[in-house]
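To start, the structure itself, in structure tokens.
Counting convention: from 1, in listed order, for ligands and their atoms alike. Computed from a predicted model, the values in this text were never measured in an experiment.
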Amino acid sequence: MVLKAQAPADGAVLGSFEETPVTEAGQIYENSREAQHSWAALSTVQRLSYLKRFRHVLVDLQEEIADIIAASTGKTKTDALTTEVMGAADALKHVEKEAPSLMSNEKVKTPIHFAGKASYINRKPRGSVLIVSPWNFPFQLAVSPVAEALAAGNTVILKPSEDTPMVGELLRRLSSLFPEHVLQVVMGDADLGEALTSEDPDFIHFTGSVSTGRKIQEKAAQKLIPTILELGGKDTMTVFEDANLQRAAKAAVWGSFHNSGQVCLSTERVLVQAGIYDSFLSEVKQEAAKLRQGKDIDADIGSMTTRRQYEHVKEQVQDALDQGAILETGRAPGDWDDSNLFIEPVILTNIKPSMALWSVETFGPLMPIRAFETEEEAAALANDTEYGLGGSVFTSDISRAERFTGRMKTGNMNINEVLVSVANFYLPYGGVKNSGIGKYHGRDGIRSFCIETSVLADKGTEDSEIIWYPNAGKYDLFLDMISNFWGRRRNWKSFIQSYMSLNKL
Ligand code: NAD
């Protein structure tokens with residue numbers, strides 16, 4: 001069986017790639033587990049030297065990589081360079097910087113009743129990790145979790161999306177920079193993903209749709225396999241009357257239309273305070289009119305990546321128009337050129353909650369705008385979704401921005417910014433509600449790929465401990481101990497003398 005790669009922009013055949021037979025899933029794990037022993041035996045610094053080499057090769061090949069990504073996804077080459085190549089290089093560099101301290105034993109406090117002892121957290125790799133990645137950022141969203149998992153001493157089985165096999169093939173080529181079977185890149189669709197999930201990975205990192213996330217979680221739950229699920233979103237941008245209007249309008253256009261809206265953190269709904277509604281609408285329309293769609297390096301927006309996604313967006317726009325939405329920018333679906341996958345950015349007003357675009361992830365270049373009166377109303381509207389990935393708020397009143405951010409039930413927020421919180425690798429990243437489980441990036445990132453062992457250590461010089469047998473004669477001391485350590489002090493001096501004689505301080 002082969003995976004065929006077609007350029008989404010014009011349907012040109014890019015190549016075909018051998019699928020990994022589903023029957024090989026068992027052998028892939030055997031190889032992975034065997035390689036893991038020697039990979040984990042290396043020091044963190046030794047493992048990072050491979051990641052550094054990987055980063056240098058990636059930067060040396062940046063143009064070739066951007067070309068492959070742009071051809072496979074339909075995104076512009078400039079976008080491929082900034083959000084995919086730059087994002088991956090930054091993810092690697094962050095891991096290289098932070099892994100040594102994050103992987104060292106972490107000292108924690110030891111309370112007085114454990115006086116003389118020490119406590120720390122020891123971290124080690126989980127083992128063989130399965131990483132399943134999507135097609136919208138097929139390079140960055142694979143490299144980033146792979147870097148964290150490998151730095152922690154795991155071996156990785158990476159299954160990239162079958163919709164962008166040429167990027168999968170590129171990742172497979174790059175995997176040869178690591179010792180054999182440390183990073184195995186397999187090629188296939190949902191059947192292969194399912195077979196790999198069934199083979200008892202020690203951890204699963206999944207990025208993709210809610211429906212696939214659920215299937216993976218159900219399977220993982222049966223064997224208590226820990227997971228991180230990075231799923232879909234329905235992010236809202238909220239613009240208050242005191243916002244920098246031009247900045248907010250430009251941000252809305254970039255946030256909604258970047259990568260043709262195929263971004264999990266895409267701005268999928270814009271709420272604008274009534275007093276500036278008309279001027280904001282006129283500003284976003286002007287900004288949208290300036291956008292250039294195409295394939296050259298100066299183009300702002302490329303095409304959709306898959307026919308499936310193109311049809312989904314088309315249905316949502318038609319459904320909204322059927323229910324009375326007003327088309328402010330773009331074309332009605334009847335006028336779309338179905339011979340390719342370019343969608344001219346669409347701005348809609350007169351939005352109703354019954355429209356699919358209000359509740360279902362769009363993942364396309366569509367900006368629905370709705371007015372609100374009060375902060376209370378805006379918070380309720382923004383939280384009115386089963387998703388909880390990200391969002392943004394625009395206002396010149398920073399205390400309002402912080403208050404509003406505090407009310408958002410989302411895993412990520414941007415203040416007077418849009419989308420980019422995910423690009424600061426010092427911030428943990430992940431969604432709440434139906435947008436996912438767990439976090440990567442930040443301190444949590446590398447550590448999520450570790451088993452944590454909590455250690456309490458004694459020097460071992462004393463023959464016994466106060467709490468050990470025998471109990472006889474200690475009851476009153478324990479009463480005193482509870483009072484003195486956790487309640488009101490009583491007979492402190494005599495308590496501390498008996499405590500010290502029994503439990504050398
Ligand atoms: P998808 O769920 O269709 O596929 C994702 C991956 O899962 C692919 O590699 C696919 O082959 C694999 N897969 C499918 N069925 C499987 C199964 N039963 N078992 C194991 N693997 C299986 O998602 P997609 O269409 O590729 O990606 C788009 C979705 O991803 C959107 O909803 C988007 O919001 C979400 N996404 C989320 C984030 C995030 O960080 N939260 C980032 C990017 C994309």
With the side chain counted from C-beta on, respond yes when His205 and Val132 share a heavy-atom pair under 4.5 Å apart, and no when they do not.
no
Report yes or no: is the cationic atom of Arg307 (NZ for Lys, CZ for Arg) closer than 6.0 Å to the six-membered ring centre of Tyr310, at no more than 45° off its axis?
yes
Subset of ligand 1 atoms that lie under 4.0 Å from at least one heavy atom of Asn136
43 (C), 44 (C)
Which of the ligand 1 atoms, numbered from 1, are nearer than 4.0 Å to a heavy atom of Leu141:
42 (C), 43 (C)
With nothing but distance in play, are any N or O atoms of Thr212 less than 3.5 Å from an N or O of ligand 1?
yes
Any N/O of Trp135 closer than 3.5 Å to an N/O of ligand 1?
yes
Return yes if some donor-acceptor pair links the side-chain N/O of Asn383 with the main-chain N/O of Lys409 below 3.5 Å, else return no.
yes
Given the ring of Trp358, does Arg269 sit roughly above its face, with NZ or CZ under 6.0 Å from the centre of the six-membered ring and within 45° of the axis?
yes
Ranking Glu194, Lys159, Lys234 by closest non-hydrogen atom to atom 18 (N) of ligand 1, top hit is Glu194
Ring centroid separation Phe425 to Tyr440 under 6.0 Å:
no
Can you measure from CG (Leu231) to CG (Asn434) and round to the nearest 0.5 angstrom?
8.0 Å
Does any N/O atom on Thr207 come nearer than 3.5 Å to any N/O atom on ligand 1?
no
The atoms of ligand 1 lying under 4.0 Å from a heavy atom of Gly232, numbered in the order shown, are 32 (O), 34 (O)
Quick one: CG on Asn136 to CD on Gln309, what's the gap to the nearest 0.5 Å?
9.0 Å
Take the angle between the ring planes of Trp39 and Tyr50 and call it parallel below 30°, perpendicular above 60°, tilted in between.
perpendicular
Can a non-hydrogen atom of Pro160 be found less than 4.0 Å from any atom of ligand 1?
yes
Please identify which atoms of ligand 1 are closer than 4.0 Å to at least one heavy atom of Phe363.
28 (C), 31 (C), 33 (C), 34 (O)
If we ignore hydrogens and angles and just use 3.5 Å, is the side chain of Thr362 paired with the main-chain N or O of Gly364 as donor and acceptor?
no
Just to be sure I read this right, does ligand 1 sit under 4.0 Å from the backbone of Val263, its side chain, both, or neither, counting only heavy atoms?
neither
Shortest protein heavy-atom distance from atom 1 (P) of ligand 1, along with the residue and atom involved
Ser209 OG, 3.6 Å
So, does Gly436 sit close enough to ligand 1 that a heavy atom of it is under 4.0 Å from the ligand?
no
Would Val132 count as a polar contact of ligand 1, with the cut-off being nitrogen or oxygen pairs under 3.5 Å?
no
So is Ser161 close enough to ligand 1, meaning a heavy atom under 4.0 angstrom away?
yes
Which protein non-hydrogen atom lies closest to atom 27 (O) of ligand 1, naming both residue and atom, and how far is it?
Pro134 CB, 3.5 Å
So which protein heavy atom does atom 41 (N) of ligand 1 come closest to, and at what separation?
Leu231 O, 2.7 Å
State whether the shortest distance between N or O atoms of Tyr429 and N or O atoms of ligand 1 falls below 3.5 angstrom.
yes
Quick one: does ligand 1 sit under 4.0 Å from the side chain of Ser133, the backbone, both or neither, non-hydrogen atoms only?
backbone
Verify the ring-centre separation between Trp135 and Phe363: is it less than 6.0 angstrom?
yes
Protein contact to atom 21 (N) of ligand 1 [nearest heavy atom, distance to 0.1 Å]
Gly193 CA, 3.6 Å
Starting from atom 10 (C) of ligand 1, what is the nearest protein heavy atom, named by residue and atom, and what distance separates them?
Glu162 OE1, 3.5 Å
Do me a favour and list the nearest non-hydrogen protein atom to atom 35 (C) of ligand 1 with residue, atom name and distance?
Gly208 O, 3.1 Å
Distance-only, no hydrogens or angles: does the Ser448 side chain make a donor-acceptor pair with backbone N or O of Lys439 under 3.5 Å?
yes
Distance col, row Leu357:CG vs Gln318:CD, nearest 0.5 angstrom, shows 12.0 Å
Considering only heavy atoms, which of His441, Glu361, Glu218, Gln262 lies nearest to atom 32 (O) of ligand 1?
Glu361
Looking at Phe203 versus Phe449, is the centre-to-centre ring distance below 6.0 Å?
yes
To the nearest 0.1 Å, how far is atom 36 (N) of ligand 1 from its closest protein heavy atom, and which atom is that?
Cys264 CB, 3.6 Å
Asp189: numbered ligand 1 atoms lying under 4.0 Å from its heavy atoms:
11 (O)
Whether Lys4 engages the ring of Phe17 as a cation-pi pair (distance to the six-membered ring centre under 6.0 angstrom, angle to the ring normal within 45°) should be assessed.
no
